[in-house]
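Computed from heavy atoms alone, side chains included, the values below leave out hydrogens, waters and symmetry copies.
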Amino acid sequence: MDIMAILGVAGSVSLLAGWRLYLSIFATGLAMRYDVVPLPEHLQSLDVLADPWVLGIAGVAAVTEFFADKVM
């Protein structure tokens with residue numbers, strides 16, 4: 001993965017994190033789980049985001065955050 005692709009992925013995830021934190025974790029984890037976003041070798045520690053437990057907790061937290069924002 002070249003530097004422009006890494007910057008593109010980092011920019012996309014950081015933009016999404018500014019809107020909804022848990023949604024960005026969930027979307028990044030799903031993309032990594034289904035090999036949509038290949039990780040560079042020096043970022044293999046982020047592979048924990050593709051764990052089913054992390055995906056489940058982030059999904060529930062994203063839905064909770066969404067409805068809490070609409071109610072409050």
- Can you name the nearest heavy-atom pair linking Leu49 to Ile25, along with the distance? CD2-CG2, 3.8 Å

- Out of curiosity, does Val60 fall in the hydrophobic cluster containing Phe26 (side-chain heavy atoms, cut-off under 4.5 Å, transitive links)? no

- Heavy-atom closest contact (Tyr22 atom, Ala58 atom, distance): CB-O, 3.7 Å

- Any pair counted as side chain to side chain donor-acceptor pair (under 3.5 Å), so long as it reaches residues 53-68, sequence neighbours left out: none

Can you give the donor-acceptor pairs under 3.5 Å from side chains of residues 32-39 to other protein atoms, not counting sequence neighbours?
residue	atom	partner	partner atom	Å
Arg33	NH1	Ala50	O	3.0

- Task: Examine Phe66 and Val63 and state if one hydrophobic cluster contains both, with Ile, Leu, Val, Met, Phe, Trp and Tyr joined whenever side-chain heavy atoms are less than 4.5 Å apart.
- Result: yes

- Message: Going by salt bridge (Lys or Arg N to Asp or Glu O under 4.0 Å), name the pairs with one or both residues in residues 45-55, residues two or more places apart or in two chains.
- Response: none

